Amino acid sequence: MTQSNGDTPQGLGFAISAYFLWGFLPLYMKMLSHVGPGEVVAHRIIWSVPIAAVLLIALRRTGDLMVALRNPRMLAMGCVTAALITVNWGIYVWAITSGHALDAALGYYINPLFSVALGAVLLRERLTVAQLVAIGLAACAVAVLTISAGVVPWAALGLTVSWGFYALAKKQLPIGPNQGFLLEVLILLIPALAYITWLGATGQGQFLIGNTGTNWLLLGCGAVTAIPLILYANGAKGLRLTTIAILQYIAPTMIFLCAVLVFKEPFGQARMIAFPMIWAALVIYSASMIRQMRATA
């Protein structure tokens, strides 16, 4: 994927659209609160396949996918990214549908800082003082929430860790993002179909036996999953890394607002302390990153 030297209107439009769709996704998932998270994830996988396949056929990029399917190493790497994204989706759906949307917002706020720490540990990347301060603030925020609640915010940390390792593994996958996404959902397709079939056979599923609205919502899981990812992949080509880094806070901010204003989740004293700490950490991190990129340029 090539990176533009400047921001293009098309790139900005694609990326902002993707982040806004991700920001509104909790409203969609909340309507599926009566469906088990595993079933929702399975439908996200199944109905993403035709959308991603049609896109690759239209772009005439199916050759890269066929190469990946015949390459044992690339297939194994695809299995790793597929497993990580499944875990991420499962935690996310559970968090939204069970009244923990604020944990989802927290997880995606922390994610950039976790990625920086991951790069330092696994890739031996050097951290600046500002980055260390930002990571320290995020760790303190998690500690505040843990001490207050008496339990570790597992949903937030699960989202952070699964997405952080997914992004790292995805970076190593030597095919384009659209091809990589189709590879992942194809790998997951048979397990997803098997799970949906088992749910139907045991009378635990909601698809085709529930109301019409539920059926359409489950069918729509493919579109709300695939379209933002495709928009983001195309938008990133026309944006600078600094722009992408700033725009990525749109989605967790919208998730935060949905949780507090729409879902009416309690925003207690601990969160009033922890979230401003996270926001301060992100400001420090972003300012440091922008200075670094300007100096490099």
Side-chain angles (χ1 to χ4, degrees), residues 3 7 15-16 19 22-23 84 88 91-92 95 100-172 232 236 239-257 259-260 265 267-297:
Q3 191 68 39
D7 296 330
I16 290 176
Y19 282 119
W22 277 324
L84 288 167
N88 184 268
I91 297 172
Y92 175 83
H100 292 83
L102 278 171
D103 286 335
L106 178 65
Y108 288 121
Y109 272 134
I110 296 173
N111 181 70
L113 304 176
F114 176 75
S115 293
V116 171
L118 205 58
V121 173
L122 298 182
L123 305 179
R124 304 301 183 194
E125 295 175 355
R126 296 185 63 182
L127 298 179
T128 65
V129 173
Q131 288 171 334
L132 286 170
V133 170
I135 293 170
L137 273 173
C140 289
V142 172
V144 167
L145 291 172
T146 302
I147 294 168
S148 173
V151 62
V152 175
W154 291 116
L157 292 181
L159 287 171
T160 298
V161 172
S162 60
W163 187 264
F165 278 104
Y166 171 73
L168 181 66
K170 187 89 167 177
K171 204 173 178 183
Q172 315 301 319
Y232 173 79
L239 293 177
R240 293 171 297 172
L241 291 174
T242 49
T243 304
I244 295 170
I246 300 303
L247 291 178
Q248 69 182 323
Y249 303 135
I250 291 174
T253 299
M254 291 180 65
I255 296 172
F256 172 84
L257 293 174
V260 175
E265 291 188 12
F267 192 64
Q269 185 178 11
R271 284 172 169 165
M272 288 181 184
I273 297 170
F275 270 87
M277 291 173 72
I278 294 293
W279 295 330
L282 292 174
V283 169
I284 294 169
Y285 158 75
S286 299
S288 171
M289 181 186 58
I290 291 169
R291 282 197 302 269
Q292 279 185 311
M293 289 185 172
R294 283 179 177 172
T296 302

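What you see is a predicted model; the values in this text were computed from it and never measured. Hydrogens, waters and symmetry mates play no part in the numbers below; they use all other heavy atoms, side chains included.
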Study note, to complete from the structure: What one should report as the nearest heavy-atom pair of His100 and Glu265 is N-OE2, 3.4 Å
Enumerate, atom names and distances included, each donor-acceptor pair closer than 3.5 Å involving a side-chain atom of residues 244-257, sequence neighbours excluded.
residue	atom	partner	partner atom	Å
Gln248	NE2	Ala245	O	3.0
Tyr249	OH	Ser286	OG	3.1
Thr253	OG1	Tyr109	OH	2.7
Thr253	OG1	Tyr249	O	2.7

Review point. Just how far is it from atom CG of Leu159 to atom OH of Tyr92, taken to the nearest 0.5 Å?
Key: 9.0 Å
Check your understanding: Could you give all pairs that pass the side chain to side chain donor-acceptor pair (under 3.5 Å) test and reach residues 149-167, with sequence neighbours left out?
Key ->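 As it turns out, the side chain to side chain donor-acceptor pair (under 3.5 Å) pairs with a partner in residues 149-167, which skip direct neighbours, are Asn88-Ser162, Tyr166-Lys170, Tyr166-Glu184.
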Counting only pairs under 3.5 Å, give me each side-chain donor-acceptor contact of residues 126-146, with atom names and distances, residues two or more places apart or in other chains.
residue	atom	partner	partner atom	Å
Thr128	OG1	Gln131	N	3.1
Thr128	OG1	Ser288	OG	3.3
Gln131	OE1	Thr128	N	3.0
Thr146	OG1	Val142	O	2.8

Revision key, fill the gap. Across all chains, not counting sequence neighbours, the side-chain contact (heavy atoms from CB on, under 4.5 Å) partners of Leu122 are Leu118, Phe165, Leu168
**Study point:** Set of residues satisfying side-chain hydrogen bond (donor to acceptor under 3.5 Å, both in side chains) with respect to Ser115, sequence neighbours excluded
**Key:**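 Checked Ser115 against side-chain hydrogen bond (donor to acceptor under 3.5 Å, both in side chains); zero matches.
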Check your understanding: How far apart are the C-alpha atoms of Phe267 and Phe275, what are their side-chain angles, what is the distance that settles it, and do they pass the side chain to side chain contact (heavy atoms under 4.5 Å, CB included) test?
Key -> CA-CA 10 Å; Phe267 192 64; Phe275 270 87; 3.7 Å; yes
Review point. Do the rings of Tyr232 and Tyr19 sit parallel, tilted or perpendicular, given the 30° and 60° boundaries?
Key: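 Ring orientation, 0 to 90° scale: perpendicular.
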Review point. Which pairs pass salt bridge (Lys or Arg N to Asp or Glu O under 4.0 Å) with one or both residues in residues 102-111, sequence neighbours excluded?
Key: Asp103-Arg271
Exercise for review: Kindly check if the number of other-residue, nucleotide or ligand heavy atoms within 6.0 Å of CD (Gln269) is above 12?
Suggested key: no
